[in-house]
Number of protein chains: 2
Amino acid sequence: MPKKVDHEARRREISQALWRIASTRGLEGASLRDVAAEAGISLGRLQHYFRTKDEMLVFALRYIETLAQDRIRARIEALDGEPTPRDILRACLTGMLPLDEQSRIGFLVGVAHFHRAVHDAALRADVRDGIPKLRDLFADQLRRAMERGEVRRDRDADDEAMVLISLVDGLSTYILLDVHTPEKAVQLLDMRLAQLFDGVGAG
Amino acid sequence: MPKKVDHEARRREISQALWRIASTRGLEGASLRDVAAEAGISLGRLQHYFRTKDEMLVFALRYIETLAQDRIRARIEALDGEPTPRDILRACLTGMLPLDEQSRIGFLVGVAHFHRAVHDAALRADVRDGIPKLRDLFADQLRRAMERGEVRRDRDADDEAMVLISLVDGLSTYILLDVHTPEKAVQLLDMRLAQLFDGVGAG
DNA sequence: CGCTACTCAATACAAGCGACTTGCAAAGAA
DNA sequence: TTCTTTGCAAGTCGCTTGTATTGAGTAGCG
């Protein structure tokens, strides 16, 4: 048998090179040669692990999605004691914001993916499945909070969850455009959460 | 003197061809030759009116921004009688959503612009000026509403305005990804407005 | 060793890109 | 008319792109 190489690990290394380029020059402007150079390998070797460019892009997207999910999951588990629904929601939502370099790149890759998905029904299907799942997760937390009397019971959990997701999306966009700082975005998110989580009061 | 041609009008025609391509295949994938073909003119003629591709893209963006502003202004003026702050806000915000083909394309062109602006400080400056201006406009309406007792006075007008803008941005994104319908987005926006505009109640 | 499977570099290639040059037609000005 | 300026088409340039191909190098097994 020949020398054994961890294909998956190689693909991850290449993906990381791709992200590094995407975070500075943009994802669209990343050619196979650029990525290979950034990864410090030859074009041929890159093509050995990704037969087409599309294959590389899709892999990189899935990989960064996985990392993002892990990051958020870690944030939740890092909450000490018995986290309240509000704690969990806040951890998830702030975890979705581009606060550090990795999540910044993650969001940019997501935007690039969005750009392709708008004109590609197959790619769009992924998003159509993913977002409602996320919304349901948030809605569950909101319903838990309602039972605990932390959120008014006449709220529509699904709708409020979707509003939160949309809000985070917009806040993220304006972080990347330097319209406001990451800290400001978190503050605005907290304001919204405070409005939601005040039982019978105003929101 | 040679025959007279309205340069501005020609540029607008070409811009419209660009949008038509952008709405189907995406803006990034629109080459000069594609745009020329879509506009029914030769490549040479297109280059006569736009010396570089960048010049064309910038013009097309500014043009569609102008149209969007006109559209929103018309919406406001179409409100009969003396429009309340809430009417005005709702007209602006729904005017920003990609509800018809034109505003859909407008949002897509905006996203493409965003994609370039993330990696270009000069382009980003435009956004950094534009959004706060919009936020101030909305904040003024919110303050008016506070004086009229329609919005709680302990709200932060600037922050609430920024949240509204971010929300619309996120809602727009998910319209284009078919996560929800335009109607659903409007409903979610109305829900948020109702929470804001209920005087001393909840929201 | 010899063999086979795997790794991967180098190069080639066709297609497409934006930018540029040339040339000519048309329309007032002289 | 002749001159000059503008409008525009056609062609071409150098370059980059994604992909395909070729062939050499290498590691482990029989």
Side-chain angles (χ1 to χ4, degrees), chain A residues 1-22 24-62 109 112-113 115-117 119-120 122-123, chain B residues 1-22 24-61 109 112-113 115-116 119-120 122-123:
Chain A
M1 286 294 168
K3 60 178 170 184
K4 294 168 67 182
V5 171
D6 188 339
H7 277 228
E8 205 68 7
R10 294 276 204 211
R11 289 206 185 94
R12 285 195 290 265
E13 285 172 21
I14 296 172
S15 292
Q16 285 160 19
L18 172 62
W19 300 340
R20 258 173 276 141
I21 294 177
T24 55
R25 274 178 291 161
L27 192 81
E28 312 292 333
S31 70
L32 292 179
R33 286 165 181 83
D34 291 337
V35 176
E38 174 67 33
I41 61 175
S42 71
L43 175 59
R45 182 157 154 183
L46 187 150
Q47 288 187 292
H48 181 71
Y49 292 108
F50 293 113
R51 288 219 312 254
T52 67
K53 185 179 187 179
D54 202 73
E55 200 177 307
M56 179 183 73
L57 291 175
V58 169
F59 180 91
L61 175 82
R62 298 237 191 278
V109 174
H113 185 68
H115 215 259
R116 303 178 76 212
H119 304 291
D120 185 328
L123 292 176
Chain B
M1 288 293 171
K3 57 181 170 185
K4 295 166 65 181
V5 172
D6 187 341
H7 277 227
E8 205 67 5
R10 293 278 203 211
R11 289 205 186 93
R12 284 196 290 265
E13 284 172 21
I14 295 172
S15 291
Q16 285 160 18
L18 172 62
W19 300 340
R20 257 173 278 140
I21 293 177
T24 54
R25 274 179 289 161
L27 191 81
E28 311 292 333
S31 70
L32 291 179
R33 286 166 179 82
D34 290 338
V35 177
E38 175 67 33
I41 63 175
S42 72
L43 175 60
R45 182 158 154 182
L46 186 149
Q47 290 187 301
H48 181 70
Y49 290 107
F50 294 112
R51 289 222 312 257
T52 67
K53 185 179 186 180
D54 202 74
E55 201 177 306
M56 179 183 74
L57 291 175
V58 169
F59 180 91
L61 175 80
V109 174
H113 186 67
H115 215 261
R116 302 178 74 212
H119 304 292
D120 185 329
L123 292 176

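Labels below follow one simple rule: chain letters A, B, ... track the order of the sequence lines, proteins then strands, and each chain is numbered from 1.
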Could you check if a side-chain atom of [X] sits within less than 4.5 angstrom of a side-chain atom of [Y], using non-hydrogen atoms only?
| X | Y | value |
| --- | --- | --- |
| B:Glu8 | B:Phe59 | yes |
| A:Arg45 | A:Ile14 | no |
| A:Val109 | A:Leu18 | no |

For the pair made of [atom1] in [X] and [atom2] in [N], what is the distance, rounded to whole Å?
| X | N | atom1 | atom2 | answer |
| --- | --- | --- | --- | --- |
| A:Ile41 | C:dA10 | CD1 | P | 12 Å |
| A:Arg51 | C:dT7 | CZ | C1' | 16 Å |
| B:Asp54 | C:dG18 | CG | P | 12 Å |
| B:Tyr49 | D:dA9 | OH | C1' | 13 Å |
| B:Leu27 | C:dC17 | CG | C1' | 15 Å |
| B:Lys53 | C:dG16 | NZ | P | 15 Å |
| B:Arg45 | D:dA9 | CZ | P | 5 Å |
| A:His48 | D:dA20 | NE2 | P | 15 Å |

#### Entry: From A:Ser15 atom OG to A:Arg62 atom CZ, the distance as rounded to the nearest 0.5 Å
12.0 Å
### Query
For the side chain of B:Arg10, counting heavy atoms from C-beta on, which of C:dG18, C:dC17, D:dC8 is nearest?
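The closest nucleotide is D:dC8.
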### Query
Looking at C:dA19, D:dT17, C:dC8, which one has an atom nearest to any side-chain atom of B:Thr52?
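Nearest nucleotide to the side chain: C:dA19.
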Short heteroatom pairs, N/O only, protein and nucleotides 10-16 of chain D, under 3.5 Å:
none

What pairs of donor and acceptor atoms, side-chain ones from residues 33-40 of chain B against any protein atom, are under 3.5 angstrom apart with sequence neighbours left out?
residue: B:Asp34; atom: OD2; partner: B:Ser31; partner atom: N; Å: 3.4
residue: B:Asp34; atom: OD2; partner: B:Ser31; partner atom: OG; Å: 3.2
residue: B:Glu38; atom: OE2; partner: B:Arg20; partner atom: NH1; Å: 2.7

### Message
For B:Arg10, give me all partners under salt bridge (Lys or Arg N to Asp or Glu O under 4.0 Å), at least two apart in sequence or on another chain.
### Response
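Once residues adjacent in sequence are excluded, B:Arg10 has no partner under the salt bridge (Lys or Arg N to Asp or Glu O under 4.0 Å) criterion.
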### Summary
Heavy atoms of B:Phe50 and B:Arg11 approach each other most closely as CE2-CD, 3.3 Å
### Query
B:Leu32 near the nucleic acid: base, sugar-phosphate alone, or nothing, with a heavy-atom cut-off under 4.0 Å?
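B:Leu32: backbone/sugar contact only, no base atoms under 4.0 Å.
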### Message
Can you tell me if A:His7 touches the phosphate of C:dC6, counting only side-chain N or O atoms and a distance under 4.0 Å to OP1 or OP2?
### Response
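Result: no.
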